[in-house]
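Working notes, structure below.
Naming: A, B, ... by sequence-line order, numbering from 1 per chain.
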Amino acid sequence: MVSLAEKIAEPKSIKKGMSFAHAFSGMQDVIAAKSDGILHDLTDVAEKDILATPVFKDSPDGLHILRHSAAHLLAQAVLQMYRNAKPNAGPPTDEGFYYDIYMDPISSDDLQAIEKRMKELVAKKIPIVKRVLPRKELLEIFKNNKFKRERIEEKVLEGSSSTAYSQAEFTDFCTGPHVPNTGYLRAIKLLSVSSAYYKGDENLEKMVRIYGTAFPDSRSLEEFLRMRAEAAKRDHRRIGHEMDLFVFNSEMAPGFPLYTPNGTTIRNEMVKYMREMNQSRGWEEVTTPHVFRDELWKRSGHYAKYLSDMFVFELKGDGYGLKPMNCPGHIQVFDRKVYSYRDLPVRYSEFGTLYRYEKSGEVGGLTRPRSFTQDDGHAFVRMDQIADEISSILEVIREVSTKLFRVPLLSFDLSLIDKNNPENFLVSYKCRSCGHISEIRGKSTGNISCSNCSSGDLKPDFTKWDRASSYLAEALDKAGLEYREFPGDAAFYGPKIDIHVKDALGRDWQISTVQVDFFMPGNFGLYFVNSEGRKEDIIMIHRAVYGSLERMMAILIEGTAGKLPTWLSPHQVFVVPVSDDSLEYAEKVNRHLISLGIRSRVDHSQESVSKKIRTLHDLRPSYILVVGAKEVENNTVTVRDAFNRQAVFSYMDFAEKISGEISERRVTNLLE
RNA sequence: GCCGCCGUAGCUCAGCCUGGUAGAGCGUGUGCUUGGUAAGCACAAGGCCGCGGGAUCGAAUCCCGUCGGCGGCUCCA
């Protein structure tokens with residue numbers, strides 16, 4: 001995101017009947033006004049004596065308005081060029097705006113022509129005029145556009161009025177506000193064209209969605225475009241290819257990553273570190289198969305909810321499914337004996353590879369593959385152990401983040417059940433006629449009825465959900481973490497904390513998760529024996545720290561542009577001899593580094609030093625050691641890091657320092 | 001799954017609109033060059049133009065289907 005220049009927005013008192021434009025006349029870059037938290041057009045007139053602040057075009061509000069107006073401009077241009085187009089809606093977004101228009105598909109060439117037309121309209125500085133119109137009249141204006149008509153019918157109450165904005169022949173139903181004229185929209189750019197469903201419903205009309213953006217000036221627009229180009233260069237699919245980390249064979253294994261030796265090195269380092277963390281915190285590792293009989297998935301609730309997203313097959317009359325989650329498998333391991341209250345918690349971890357049949361339009365790269373490996377863990381605990389368990393998992397997550405990210409910018413979401421739509425979740429239902437409590441798994445069970453008296457009059461009982469949610473919230477509070485709540489985003493078996501990280505380009509990625517589950521242990525009949533000798537329910541806590549190795553690798557690659565922390569780097573050192581005269585010394589240095597456990601290689605190519613550096617650049621080695629006659633004589637190495645910094649070290653000194661950097665898993669390197 | 005765009009050498013891409021049987025750069029191999037921090041020089045090898053069908057004397061090129069990839073939409077345990 002481009003940083004916005006701060007301007008001082010002093011409130012001004014405005015007399016009834018005065019326009020905001022008049023009040024802020026003489027001030028530069030004001031495009032709207034704000035009063036009592038409500039945005040107004042400059043042409044609006046104060047209805048009473050009020051205080052109002054100017055909205056500058058480079059403020060967050062101003063940018064929003066600018067982009068909203070740019071969306072209108074887009075629609076105007078499209079309508080001029082395509083007579084049958086029917087605009088639906090065109091909101092501003094975080095990065096720009098889009099407009100959904102019902103029309104024949106267009107190509108990116110058409111986009112250029114539309115942008116050209118928009119710029120012509122900008123040059124004309126067409127005044128943008130607001131009108132307050134009764135519902136009837138609005139409907140009349142849009143009588144040929146069913147999408148606008150439906151919006152008006154939904155949003156404007158019978159007998160009331162709303163606003164329309166016009167610029168020349170173009171009119172849009174819109175609450176505004178907007179810039180005073182199209183001349184304010186000089187820095188605009190159309191970005192892409194794709195499709196969207198009307199109201200997001202695949203059964204309704206397909207709209208052409210045109211994406212664009214607008215900025216207060218061309219400099220910030222160019223900066224934005226530069227950042228976008230930079231982001232594209234950091235695409236993990238591109239860098240993964242340059243670094244030779246993984247391949248996708250679209251014919252033989254669509255959506256399934258295949259790891260090269262380099263990529264496998266990264267995975268192994270990630271796993272090694274997590275094993276250390278697990279081992280020191282009482283997480284035992286288990287191994288479960290990739291295939292189970294479908295009976296397991298029926299019991300766990302996966303069949304009811306996710307069958308169409310699973311890889312399933314039949315063999316000699318028996319149904320099987322590849323695991324989409326590890327938890328039911330871990331339950332099978334856990335359930336081999338009877339547990340006393342003293343045995344708990346039991347913590348199982350597994351680097352479990354999961355298979356999910358992601359739909360064809362959704363797979364892509366390592367962020368959405370069809371097979372991926374979770375650093376999964378399930379803690380089987382007593383009720384009184386939940387809080388501590390969650391807290392300690394949150395601690396691990398925070399510690400691990402310091403080994404992965406230079407600046408770990410974590411954010412925490414609390415994902416809860418949507419009590420208005422409980423049918424998407426495992427919920428207990430209380431029968432209104434007999435009082436029996438039934439547990440219903442997922443919505444695909446169809447019409448639900450009481451398992452005791454068969455009455456269909458059931459009332460959802462959220463006691464377990466509420467309790468689980470409060471444990472998560474308390475753990476977050478205790479750790480002093482700020483978080484946001486998202487009703488409806490919970491897992492089907494329980495609420496969860498999702499942890500996101502922001503990468504170097506400001507993009508947000510979900511990584512870790514902590515989930516409290518009161519249901520699945522019950523479905524599998526898990527229990528422990530309490531101090532009074534009675535059976536008591538076991539609670540499961542699901543957690544993943546990296547999330548998936550695949551997605552974490554993608555985040556690390558994109559966040560660092562492939563310049564990974566040395567401990568994760570597949571190429572920690574490349575020794576480059578200047579000529580064959582220094583080859584022997586290069587080999588000696590290399591052998592010594594390898595003996596210290598460092599991933600080091602000698603570049604044997606018969607090329608110039610420049611060419612060698614250029615070629616190695618794609619692999620992003622942490623350090624390139626150039627050695628020639630000078631180094632041979634002085635027992636030194638000339639070190640060049642991935643950021644092109646250079647320094648001379650005695651080679652024993654370098655070996656010692658890089659060993660320390662790697663063993664401490666530092667995110668900073670020796671040359672900074 | 002839906003809409004749009006795309007699929008040509010190991011990689012990145014041109015050729016396709018306006019049909020006449022395939023091109024570049026990088027990489028690879030060989031030779032020369034022994035080089036001091038982001039491309040030294042030359043030559044050579046390398047392609048069922050994703051797959052299947054159709055119309056045409058003739059298809060990488062036009063049409064249909066299919067499988068993939070990308071951008072979105074929807075979904076994401």
Mate of B:rC51 where both pairing distances stay under 3.5 Å, Watson-Crick or G-U: B:rG65
Members of residues 611-620 of chain A that approach RNA chain B, where some heavy atom sits under 4.0 Å away: A:K611, A:I613, A:R614, A:H617
Rounded C1' spacing from B:rC48 to B:rC3 in Å: 32 Å
Identity of whatever pairs with B:rU18 - Watson-Crick or G-U, under 3.5 angstrom: none
Start and end of chain A contact along RNA chain B [non-hydrogen atoms, under 4.0 Å]: B:rG1 to B:rA77
Rounded distance in Å between the C1' positions of B:rC57 and B:rC17: 23 Å
C1' atoms of B:rA39 and B:rU28, separation to the nearest Å: 16 Å
Strand partner of B:rA45, provided both Watson-Crick or wobble distances fall under 3.5 Å: none
Flag, side chain of A:E115 to backbone of A:L190, donor-acceptor distance under 3.5 Å: yes
5' priority, RNA chain B, between A:A490 and A:E631 [closest heavy atom]: A:E631
Side chain to side chain contact (heavy atoms under 4.5 Å, CB included) evaluation trace for A:I390 with A:I541: CA-CA 8 Å; A:I390 299 169; A:I541 295 172; 4.2 Å; yes
Sub-4.0 Å heavy-atom contacts from residues 633-646 of chain A onto RNA chain B, ordered by number: A:T638, A:R640, A:N644, A:Q646
Sugar-phosphate, base or nothing in reach of A:E607, heavy atoms under 4.0 Å: base
C1' gap between B:rA42 and B:rC6, integer Å: 37 Å
P gap between B:rG52 and B:rC67, integer Å: 15 Å
B:rG23 versus B:rG40 - spacing of their C1' atoms, nearest Å: 25 Å
Distance between P atoms of B:rG69 and B:rC32 (Å, rounded): 46 Å
Sugar-phosphate only, base, or nothing, as touched by A:V363 at under 4.0 Å among non-hydrogen atoms: sugar-phosphate
Partner residues of A:F654 under the ring-ring contact (aromatic ring centres under 6.0 Å, His included) criterion, sequence neighbours left out: A:Y623, A:F649
Axial cation check for A:F380 ring with A:R347, 6.0 Å and 45° limits: no
Residues forming a salt bridge (Lys or Arg N to Asp or Glu O under 4.0 Å) with A:K657, sequence neighbours excluded: A:D653
Mate of B:rC70 where both pairing distances stay under 3.5 Å, Watson-Crick or G-U: B:rG4
Sugar-phosphate only, base, or nothing, as touched by A:H542 at under 4.0 Å among non-hydrogen atoms: nothing
Selection: residues 246-260 of chain A, any non-hydrogen atom under 4.0 Å of RNA chain B: A:S250, A:P254, A:G255
Base paired to B:rC32 (Watson-Crick or G-U; both N/O distances under 3.5 angstrom): B:rG40
A:A490 versus A:F425, closest heavy-atom pair with distance: O-CE2, 3.5 Å
Sequence-distant partners of A:Y320, ring-ring contact (aromatic ring centres under 6.0 Å, His included), two or more places apart: A:F313
Of A:D235 and A:K630, the one whose closest RNA chain B nucleotide lies more 5': A:K630
Pair listing, salt bridge (Lys or Arg N to Asp or Glu O under 4.0 Å) test, anchored in residues 616-628 of chain A, at least two apart: A:E242-A:R620
Touch class at under 4.0 angstrom, heavy-atom based, for A:R238 against every strand present: nothing
Complementary nucleotide of B:rA60, counting Watson-Crick and G-U pairs under 3.5 Å: none
I'd like a table of donor-acceptor pairs (distance under 3.5 Å, sequence neighbours excluded) in which one partner is a side-chain atom from residues 247-254 of chain A, with atom names and distances.
from	atom 1	to	atom 2	distance (Å)
A:N249	OD1	A:E251	N	3.1
A:N249	OD1	A:M252	N	2.9

Sugar-phosphate, base or nothing in reach of A:Y211, heavy atoms under 4.0 Å: sugar-phosphate
Qualifying salt bridge (Lys or Arg N to Asp or Glu O under 4.0 Å) pairs with a residue from residues 350-363 of chain A, counting only residues at least two apart or across chains: A:K323-A:E350, A:E358-A:R368
Rounded distance in Å between the P positions of B:rC2 and B:rG65: 13 Å
Pairing residues for A:Y306 by the ring-ring contact (aromatic ring centres under 6.0 Å, His included) criterion, not counting sequence neighbours: A:F492
Close aromatic pair by centroid cut-off 6.0 Å: A:Y357 and A:F311: yes
Parallel, tilted or perpendicular: rings of A:H236 and A:F246 (30°, 60°): tilted
Pairing residues for A:W297 by the ring-ring contact (aromatic ring centres under 6.0 Å, His included) criterion, not counting sequence neighbours: A:F292, A:H302
Lys NZ or Arg CZ of A:R209 over A:Y98 ring: under 6.0 Å, within 45°: yes
